[in-house]
Amino acid sequence: MSYQNPVFIPGPTNIPEVIRKACDMPTIDHRSPAFARIFKPAVAGVKTVLGTREGEVILFPSTGTGGWEAAITNTLSPGDTVLVGRFGMFSHRWIDLCQRHGLNVQIIETPWGEGAPLAAIEAALAADASHRIRAVLSTHNETATGVRSDIAGIRRAMERTRHPAMLFVDGVSSIGSMPFEMDRWGVDIAVAGSQKGFMLPAGLAILGLSPRALAAMETATLPRTFFDFRDMQKSYAGGGYPYTPAAGLINGLATAVEMLQDEGLENVYARHHRIAEGVRRAVAAWGMRPCAASPELYSDTVTAVVVPEGFNGTDIVTLAAQKYGMAFGVGLGEVAGKVFRIGHLGSLTDAMMLSGLATAEMCMADLGYPITLGSGVAAAQDYYRKTAGIAAKAAA
Ligand SMILES: *Cc1c(COP(=O)(O)O)cnc(C)c1O
């Protein structure tokens, strides 16, 4: 790899220069007020990005996977039932993590390319008259298939069935890039990581916790030490940590949330939507289609492109890395080889995206795909020309 090109993987994402500089700082005493001065604005900014006033934010030195583990071990007990749809690699991994912790996981098998199965979730909640289901878990943006699920729709199903379960949402590849409304959607735990929408290196699990989730930790008996919310809350009250925090990353996070708020969250979301729509126009011009089953499911952070019969999507990714020094995402699990993924989140512009689309075209031409060089790029250019400045105007 040349390290000169942006990456087009759906995380880790490109790190803006100012954030890299913010992460690179001298050692500070994390038990001194200097740490609190970094930490407090980072936490306040994350709350805004999550869309919560009522909730609390906790940051672990970890990744999104650690955030999943923290969510369940702090709120549930062995044998508790959780309800979850499986429709991609990331929903699958969270299910696996729950099973390994001895939870009773009620799985709704859903075709990959579909989103959270709202009708089946509602039926399962309605059938659970004794309220054994303690939590409904859902991936918001399934990074393996490029599918966005309707989290507000899950909350409505819970309201219609008057079910008291908690709602836990994996927003690792959506938060900070696509609208996320923790309070409005009644999300009890939101899980994010530092290396996607927050544009940082990997190393932080970022969690938003509702008052209900925090109350659940009083009776939950799954074992936890490193991830114990109670220890974090005690130390946070004094502006510190129960152990050594990742101070550089937290300093970078303070910069990242400032950048997102300076741009304006609505503008950040509009930029992601516009870049993503250009990618989708390119895919259509290639005569191909996204893995997401229908337009309302399209993700604005990643597109899994279904490759034609007889081709292996992984070859595009391998060739792009070897020949052109550019990174795309491979297909995972059930869709391995059937798709390649274009990540379009984080620190990205339309012009950067055009370079990614142009390189994907070169790879496909090299591999004998039935495409015309420039066709996808032209379709994206056309869309970007027509929509340039719209997000900026909305901000003015
Ligand atoms: C990247 C990702 C994760 C995993 O996060 P890690 O930081 O790699 O542990 C979880 N869920 C989704 C939806 C993701 O995209």
Side-chain angles (χ1 to χ4, degrees), residues 7-15 46 50 58-73 82 84-98 100-101 110 112-116 137-151 154 167-180 182 187 189-208 226-227 246 249 252-253 256 272 276 291-292 297-304 327-335 339-346 348:
V7 295
F8 296 97
I9 47 178
T13 62
N14 301 296
I15 309 173
V46 169
L50 291 176
I58 288 184
L59 311 171
F60 290 102
S62 181
T63 70
T65 305
W68 288 340
E69 183 161 331
I72 64 154
T73 55
V82 296
V84 48
R86 172 156 49 199
F87 45 87
M89 200 61 184
F90 291 89
S91 39
H92 167 71
R93 285 190 187 151
W94 203 6
I95 287 168
D96 174 53
L97 186 144
C98 290
R100 291 203 232 171
H101 278 83
T110 308
W112 288 37
E114 301 279 346
L137 275 50
S138 187
T139 309
H140 181 209
N141 187 72
E142 178 48 76
T143 319
T145 54
V147 164
R148 167 179 32 191
S149 285
D150 179 5
I151 303 300
I154 298 179
L167 175 58
F168 298 169
V169 177
D170 170 356
V172 178
S173 63
S174 56
I175 289 169
S177 311
M178 299 197 297
F180 194 90
M182 182 168 163
V187 173
I189 300 189
V191 178
S194 51
Q195 78 276 25
K196 298 192 183 172
F198 289 104
M199 306 172 283
L200 287 154
L204 291 177
I206 299 169
L207 286 102
F226 182 82
F227 285 125
L249 285 173
L253 180 61
H272 279 81
C291 177
L297 299 173
Y298 289 164
S299 162
D300 283 340
T301 61
V302 53
T303 300
F328 295 100
V330 295
L332 301 171
E334 266 185 32
V335 292
V339 305
F340 78 102
R341 292 178 302 150
I342 303 176
H344 35 80
L345 76 161
L348 211 62

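Atoms within a ligand are numbered from 1 in the order they appear, just like the ligands themselves. Here the structure is a predicted model, which is why all the values come from computation and not from measurement.
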Minimal heavy-atom distance between W112 and G333, with the atoms involved, is CH2-CA, 4.0 Å
Does even one non-hydrogen atom of W68 get within less than 4.0 Å of ligand 1?
-> yes
State if S173 counts as touching ligand 1 under the rule of any non-hydrogen atom under 4.0 Å.
-> yes
Any N/O of V172 closer than 3.5 Å to an N/O of ligand 1?
-> no
Quick one: does T139's side chain have a donor or acceptor within less than 3.5 Å of a partner on E142's backbone?
-> no
Polar side-chain atom of R341 near backbone of V330 as donor-acceptor pair, under 3.5 Å | yes
Examine the side chains of S174 and H140 and answer whether a donor and an acceptor come within less than 3.5 Å of each other.
-> yes
In terms of side-chain heavy atoms, does H344 have a donor or acceptor partner in T303 at a distance below 3.5 Å?
-> yes
Look at the rings of W94 and W68 and say which category their plane angle falls in: under 30° parallel, 30 to 60° tilted, over 60° perpendicular.
-> parallel
Between F328 and F8, how do the two ring planes meet: parallel, tilted or perpendicular, split at 30° and 60°?
-> parallel
Starting from [atom], locate the nearest protein heavy atom and write down its residue, its atom name and how far away it is, to 0.1 Å.
| atom | answer |
| --- | --- |
| atom 15 (O) of ligand 1 | T143 OG1, 2.5 Å |
| atom 14 (C) of ligand 1 | K196 NZ, 2.9 Å |
| atom 11 (N) of ligand 1 | D170 OD2, 2.6 Å |

[X] neighbourhood, listing ligand 1 atoms whose heavy-atom distance to it stays under 4.0 Å:
| X | value |
| --- | --- |
| T63 | 6 (P), 7 (O), 9 (O) |
| N141 | 13 (C) |
| Q195 | 6 (P), 7 (O), 8 (O) |

Mode of T65 contact toward ligand 1 - side chain, backbone, both, neither (heavy atoms, under 4.0 Å) = both
